[in-house]
Number of protein chains: 2
Amino acid sequence: MGTTQLEPVPEPKYWHLRTVLSEALDSEFSVGEILPNERELAARFGVARATLRQALEQLELEGRLQRRRGVGTTVAPPRVGVAVGTEQQAWPGAHDDAWQPADCVLAVPPAVVAATLETGRDEPVHTVRRSRVSHGQTVAAELLHVPAVSVPGLTTVGAPSGPARARAVLRELQRLDLEGGHRSVELGSAGADDAKELDRLPGAPVLVVTTRFVAAGRTAALSVATYRADTCRLTFGDFGGVEIDEEPEQRAS
Amino acid sequence: MGTTQLEPVPEPKYWHLRTVLSEALDSEFSVGEILPNERELAARFGVARATLRQALEQLELEGRLQRRRGVGTTVAPPRVGVAVGTEQQAWPGAHDDAWQPADCVLAVPPAVVAATLETGRDEPVHTVRRSRVSHGQTVAAELLHVPAVSVPGLTTVGAPSGPARARAVLRELQRLDLEGGHRSVELGSAGADDAKELDRLPGAPVLVVTTRFVAAGRTAALSVATYRADTCRLTFGDFGGVEIDEEPEQRAS
DNA sequence: GAGTGGTCTAGACCACCAC
DNA sequence: TGGTGGTCTAGACCACTCA
C-alpha cells in the first residue's frame, strides 16, 4: 500500500478507496496487523479524513477491519460461524445451550413485546438477560421474554430477580411441551445496553434473531438476540443430514 | 416534531437525535409521509447537516426511513418478511421458487467461490444470475454457481449464455439427488452490480445468505443471495409444525 | 430550473487507551 | 502525556428527480 493518490474515477472516492484498501488488505496485511492511523492514511491518499473514514466504515461493516478508539485500526480475523439453527427443537436453557444467564426481572414489557407475546396490558413478564460467548468473545446479547403465566410453577418466594431467578425461569420452561416456533433475522443497530455488552459503540450494526416459542397453543416465550454483525456469521444447521465442516462452537462451561 | 433544539445530554448528539426522531416517527408520522428536508431538519434541531445525516442513516439502517436522492426522505413501511427457510429440501429452480432467472455465463469463478465449491483452478462453472421480487419490489439478487461437472447432461449446443441457458442449468440440476446442504447469513455491503439490481447505492447494507447444496458427496451448487437489509426480514420456516401468521409471499409467476 | 439527498473538504475538539 | 479513533461543524459542489 506504499502507493499514493487515487486515479480519477467516475465512482465516489470513498467507494474507490474501499476497493483499493480491500485489495491492499488481501495482499499486504495479515490478521491482527495495525494499519497506519487515519490522518496518515488520508494524507497518503490525498483525501479528507472524513472521506477516508467512510471507506473504513464500509470495510468494518464487512468484517474486514476492527477499529478501537485509543488503540488503532487492525485487520480483523475472518468472521466466526455461530450456530443458531441447531437448538431449534429445544427450549432456551436446555442442557446448557451456549447462553449464559445474567439477570432476570419481572415487569410489564414494552408495548411491542407485549403485542408479539399476545399478553394483555399490565400482564407481568419475566425478562431474562443472557449473553453468548464464542471464541473468547461476547458475540450476542439476548432478552428472553417469558410471560408469568407460562411458568406458573415458579415459586414466588426467594430472589425476585438476578441470575438465580433467571435459571429458575429457564428450568420451569423445560416443563412445558414445546409445540413449535418461528424464527426471523433482520438488521438492527445496538442500543446502549447491547452495545456495552457487546463491547461496541451505540448504533453498531447487529443481526437481530427473533425466535418465538409456542406451547399450549400460545406464545410461551420470545427471544430477541442481537449478534455482532461485524464479527459473526450466523449458520443454520445442515439440512439433509450431510455433515459439513464448521467451526467448533465454544459452549459456555 | 414541532419542537426545536436538543437538551444537552451526555450521549452523542446524533444518537440522541436518532431517539428523538424515532419517537416522532412513532407518534406524528404515518407510513409514506415525507419528512422535511435535511437542511431544514438540521436547522430545526440546531445541528450541522452532517450530524443530522448520521441520525438519519441510523434510522434508515433500522428500516424506519427511506431516502431517495432528488426526492426526499419518507417514512418506511414495516419490513417485509421474506421466507428463506422453506425451500430447504429442494434444488434452486424447483417448481418455481420465487426466483426469476435473468442470465447465465460459463466461466472460471473468482478464487473464493472456487475454493468453496472445491473446484480446481481453471475449472469452468455456470453462474446463474437471478432476482427475487416480493411485494412488487426486487428484494434480493443471487449468484448461483454450478460447476459444469454437476450438470453433465447439459447440451453444449445452443445459447452459451442468457436466460434460456439459465433455465437449462436449473433444469439439469433437478436431475441430481439432493443429499443435503448448509446455510449461513451475514452482513455485507452491496457491490455495484447488486446495488443497481436492488435499486440502492453501492455500499448499501445487505444480508448475504450463502447456501451450499450437496449431491453425490460434493458441493453441487453454491448460492450467494444478497437481500436488501433495509427492507427485508428473513424468516426461517416454522419448526415443530405450528402455523404462525406470516405475510403471504408473492411469487414470481 | 428548483429542490432533494449524496459526496467531499479542512478544520476543531472530545473520549479513550497505553506508556 | 501523546496518539488513537469518535464526534461535530460550516461550508461547497455534485447527481438526481420532477414539475
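In this text, all values refer to a predicted model and were calculated from it rather than measured experimentally. All chains are named by letter (A, B, ...) in the order of the sequence lines, taking the proteins before the strands, and each is independently numbered beginning at 1. Just so you know, these numbers use all the heavy atoms, side chains as well, and skip hydrogens, waters and symmetry mates.
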Just to confirm, is there a sub-4.0 Å distance from OP1 or OP2 of [N] to any side-chain nitrogen or oxygen of [X]?
X: B:T51; N: D:dT7; result: no
X: B:N37; N: C:dG3; result: no
X: A:Y14; N: C:dC8; result: no
X: B:T73; N: C:dG5; result: yes

Electrostatic pair [X]-[Y], nearest N-O below 4.0 angstrom:
X: B:R64; Y: B:D26; answer: yes
X: A:R129; Y: A:E197; answer: no
X: B:E38; Y: B:R53; answer: yes
X: A:E60; Y: A:R68; answer: no
X: A:R79; Y: A:D230; answer: no

Rounded to the Å, how far apart are [X] [atom1] and [N] [atom2]?
X: B:E11; N: D:dT7; atom1: CD; atom2: C1'; value: 13 Å
X: B:E60; N: C:dT4; atom1: CD; atom2: C1'; value: 14 Å
X: B:E57; N: C:dG6; atom1: CD; atom2: C1'; value: 10 Å
X: B:R53; N: C:dT4; atom1: CZ; atom2: P; value: 14 Å
X: B:L52; N: C:dT4; atom1: CG; atom2: P; value: 13 Å
X: B:Q66; N: C:dG6; atom1: CD; atom2: C1'; value: 16 Å
X: A:L41; N: C:dT9; atom1: CG; atom2: P; value: 14 Å
X: A:Q54; N: D:dG5; atom1: CD; atom2: C1'; value: 16 Å

_Looking only at side-chain N and O atoms, does A:S223 offer a donor or acceptor that is under 3.5 Å from a partner on A:E142?_
yes
*Between A:T211 and A:R183, does any side-chain donor sit less than 3.5 Å from a side-chain acceptor?*
yes
*Determine whether more than 12 heavy atoms belonging to other residues, nucleotides or ligands lie under 6.0 Å from atom CG of B:D103.*
yes
*Just wondering, are more than 12 heavy atoms of other shown residues or ligands nearer than 6.0 Å to CG in A:D199?*
no
*Using a cut-off of 4.0 Å on non-hydrogen atoms, how would the nucleic acid contact of A:L201 be classed: base, sugar-phosphate, or nothing?*
sugar-phosphate
Do any N or O atoms of the protein come closer than 3.5 Å to N or O atoms of nucleotides 10-19 of chain C, and which pairs are they?
| from | atom 1 | to | atom 2 | distance (Å) |
| --- | --- | --- | --- | --- |
| C:dA15 | O4' | A:R69 | NH1 | 3.4 |

*asked:* Given C:dC8, D:dC8, C:dG5, identify the nucleotide with an atom nearest to the side chain of A:K13.
replied: C:dC8
_My validator wants the stems of DNA chain C: runs of 3 or more consecutive Watson-Crick or G-U pairs, both distances under 3.5 Å, written as range with range._
C:1-18 with D:1-18
